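Quick notes on the structure that follows.
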Amino acid sequence: MKSVKVVVVGAGVIGLSTAVCIAEALPFCSVTLLADQFSPDTTSDGAAGILFAAQFPDIPLERQRRWFKESFEHLLAIAQSQHASEAGVLLSSGWQIFKEVPAKKEPFWSEFVLGFRLMTARELKRFPDHKFGQAFTTIKCECSSYLPWLEQRFRKAGGQVEQRKVNNLQELSESYDIIVNCSGLGSKTLVGDLQVHPVRGQVLKVQAPWLQHFIRDGDGKTYVYPGVDSVTIGGTRQEGDWRLEVDEGDTRSILERCGRLEPSLSTAKVLSEWVGLRPSRRNPRVERELALLQGRRVPLVHNYGHGGWGVTLAWGTALDALGLVRQCLHEMPPQAKL
């Protein structure tokens, strides 16, 4: 009989990663994953899923480095295993280019990706509007394959999956000993976090099998990411915009901007258009608290607010969330564990 009941709310890349980490590391816990949307209907499913990171202002850099390193190493091990194809995890080489030389030429994550170096003048000739660039190999994680693969791994570890909408945490307090909130943008209403807000992203999938290298403009708005069956091109970063409909103006802008970086895209067939709302916050929230629910104190662990860096940081923050769950278990009265 498993003694401690843990529920993880949210089945995007953050929720699934966190659920897998807890179920695999704490076999004496009964872990349930609850969400109203599962793959292929999560925000993560449309993510380009390429590992880069931005620096968050108020989180110690050492912690951010650890998040990136642990996520990169986790996915690199999958990319180099027999599971790579099924999990949709592959190595991807290319360039990040800048119109102006950035203050920091080597970002904090540069030592964890493979073969990081500055681009030569000859390489930069290809991008006449840009003055500076970085070349490296990173990982592309295609969530439409990766999320079902993680869910299977979670079930194998004894996890249970239930599809339903959670309207408030009170409804969970009777049935579970620890609540783990990975509800992304849903945290705005679920835990009343007014800091979390949408950043609308629109991308296209195109057929261009001749493209083998990614190109990303340093401003993060224009990118070309070759994947297994298609190339993801984008994008938009529209703060506070809740629209989920495809915007034809954005589509034209994406095709035009990406075509400037990669002229051969003018002959690529558009396969699909997709819009998602990144759950953004000044800093991701990875912390714990005791919540008063139905008159009882329930340990609550948060892991959300990663913005456009969910795939990049998922495993690292999931391991942090696991550590917070361990702390909650450690502080529980003995009768709660019986």
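Just so we're clear, the structure is a prediction, and the values are computed from it rather than from any experiment.
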Legend entry - pair Thr222-Leu261: side-chain heavy atoms closer than 4.5 Å: yes

Inset, instruction - May I ask you to test the Glu174-Arg296 pair for a side-chain heavy-atom distance under 4.5 Å? - result: no

Inset, instruction - Check whether any side-chain heavy atom of Val246 sits under 4.5 Å from a side-chain heavy atom of Gln202, and report yes or no. - result: yes

Legend entry - Evaluation steps, side chain to side chain contact (heavy atoms under 4.5 Å, CB included), between Glu171 and Arg164: CA-CA 12 Å; Glu171 66 189 67; Arg164 71 173 164 102; 3.1 Å; yes

Legend entry - Lys69 with Glu73: basic N within carboxylate O range, under 4.0 Å: yes

Inset, instruction - Output yes when Glu151 and Arg155 qualify as a salt bridge under the 4.0 Å nitrogen-oxygen rule, no when they do not. - result: yes

Side-chain donor/acceptor pairs under 3.5 Å, residues 6-20, sequence neighbours excluded:
{"from": "Ser17", "atom 1": "OG", "to": "Val13", "atom 2": "O", "distance (Å)": "2.6"}
{"from": "Thr18", "atom 1": "OG1", "to": "Ile14", "atom 2": "O", "distance (Å)": "2.7"}
{"from": "Thr18", "atom 1": "OG1", "to": "Asn303", "atom 2": "ND2", "distance (Å)": "3.1"}

Legend entry - Taking every non-hydrogen atom, the tightest pair across Pro209 and Gln212: O-NE2, 3.0 Å

Inset, instruction - Answer yes or no: are there more than 12 heavy-atom neighbours, outside Lys104 itself, under 6.0 Å from its atom NZ? - result: yes

Inset, instruction - Apply the salt bridge (charged side-chain N to carboxylate O under 4.0 Å, His left out) test between Asp193 and each candidate in Lys188, Arg281, Arg282; give the one that qualifies. - result: Arg281

Inset, instruction - Describe, in one word, how the ring planes of Trp315 and His74 are oriented to each other, choosing from parallel (under 30°), tilted (30 to 60°) and perpendicular (over 60°). - result: parallel

Legend entry - Sidechain N-carboxylate O distance under 4.0 Å for Arg297, Glu289: no

Legend entry - Ion pair check, Glu262 and Arg126, cut-off under 4.0 Å: yes

Legend entry - same_hphob_cluster(Leu172, Leu33) at 4.5 Å side-chain heavy-atom cutoff: no

Inset, instruction - Tell me yes or no: between the side chains of Gln96 and Gln134, is some donor less than 3.5 Å from an acceptor? - result: yes

Legend entry - Rounded distance [0.5 Å steps], CG in Leu194 versus OG1 in Thr189: 10.5 Å

Inset, instruction - Measure the shortest side-chain to side-chain distance between Leu114 and Thr138 over non-hydrogen atoms and say whether it is less than 4.5 angstrom. - result: no

Inset, instruction - Salt-bridge test for Arg66 and Asp320: reply yes if a basic N is under 4.0 Å from a carboxylate O, no otherwise. - result: yes

Inset, instruction - Kindly compute the distance separating OG (Ser280) from CZ (Arg237), expressed to the nearest 0.5 Å. - result: 6.5 Å

Inset, instruction - Write down the atom of Pro226, the atom of Leu211, and the distance for their closest heavy-atom approach. - result: CB-O, 3.5 Å

Inset, instruction - Return the minimal non-hydrogen interatomic distance between Lys205 and Thr232, and the atom names on each side. - result: CE-OG1, 3.2 Å

Inset, instruction - Calculate, to the nearest 0.5 Å, the distance between atoms CG and CG belonging to Asp241 and Leu277 respectively. - result: 7.5 Å

Legend entry - His302 and Tyr304 aromatic centres sub-6.0 Å: yes

Inset, instruction - Classify the angle between the aromatic ring planes of Phe132 and Phe98 as parallel (below 30°), tilted (30 to 60°) or perpendicular (above 60°). - result: tilted

Legend entry - Partner of Arg117 under salt bridge (charged side-chain N to carboxylate O under 4.0 Å, His left out), chosen from Glu111, Glu123, Glu106: Glu123

Legend entry - Proximity of Phe136 and Trp109 rings by center, below 6.0 Å: yes

Inset, instruction - Check the hydrophobic clustering (I, L, V, M, F, W, Y; side-chain heavy atoms under 4.5 Å; chains of links allowed) and say if Leu75 and Tyr225 are grouped together. - result: yes

Legend entry - Donor-acceptor under 3.5 Å (Gln64 side chain, Phe56 main chain): yes

Inset, instruction - Decide side chain to side chain contact (heavy atoms under 4.5 Å, CB included) for Phe154 and Val161; before the verdict, give the C-alpha distance in whole Å, the side-chain angles of both, and the deciding distance to 0.1 Å. - result: CA-CA 9 Å; Phe154 173 64; Val161 175; 3.8 Å; yes

Inset, instruction - Please report the C-alpha distance between Thr236 and Asp247 in whole Å, then the side-chain angles of each, then the deciding distance to 0.1 Å, and finally whether the side chain to side chain contact (heavy atoms under 4.5 Å, CB included) criterion is met. - result: CA-CA 10 Å; Thr236 65; Asp247 182 311; over 6 Å; no

Legend entry - Glu273-Thr251 side chain donor-acceptor pair, cut-off 3.5 Å: yes

Inset, instruction - Run the salt-bridge test on Lys99 and Asp217 with the 4.0 Å N-O cut-off and return the result as yes or no. - result: yes

Legend entry - Straight-line distance of Asp177 CG to Met332 CE, nearest 0.5 Å: 4.5 Å

Legend entry - side chain to side chain donor-acceptor pair (under 3.5 Å) partners of Ser92, counting only residues at least two apart: none

Inset, instruction - Drop me the distance from Arg257's CZ to Tyr223's OH, to the nearest 0.5 angstrom. - result: 8.5 Å

Inset, instruction - Looking only at non-hydrogen atoms, find the nearest pair between Cys258 and Gly234 and report the distance. - result: SG-O, 3.3 Å

Legend entry - Side chains of Tyr176 and Val4 in contact at under 4.5 Å (non-hydrogen atoms): no

Inset, instruction - Report the C-alpha distance between Gln238 and Val199 in whole Å, list the side-chain angles of each, state the deciding distance to 0.1 Å, and finish with yes or no for side chain to side chain contact (heavy atoms under 4.5 Å, CB included). - result: CA-CA 5 Å; Gln238 294 150 331; Val199 175; 5.8 Å; no

Legend entry - Between CG on residue Leu90 and CD1 on residue Ile139, distance to nearest 0.5 Å: 9.0 Å

Inset, instruction - Count the heavy atoms of every other residue, nucleotide or ligand shown that sit under 6.0 Å from CZ of Arg252, and state whether that count exceeds 12. - result: no

Inset, instruction - Grab the two heavy atoms, one from Ile50 and one from Thr312, that are nearest each other, plus how far apart they are. - result: O-OG1, 3.4 Å

Legend entry - Cationic N near anionic O, under 4.0 Å, Arg200 to Glu245: no

Legend entry - Trp149 and Tyr146 aromatic ring geometry - parallel, tilted or perpendicular at 30°/60° bounds: parallel

Inset, instruction - Can you see which heavy atom on Ala208 is nearest to which on Ala268, and at what distance? - result: CB-CB, 4.1 Å

Inset, instruction - Go through the side-chain N and O atoms of Gln195 and Asn283 and say whether any donor and acceptor fall under 3.5 Å apart. - result: no

Inset, instruction - Go through the side-chain N and O atoms of Thr42 and Asp45 and say whether any donor and acceptor fall under 3.5 Å apart. - result: yes

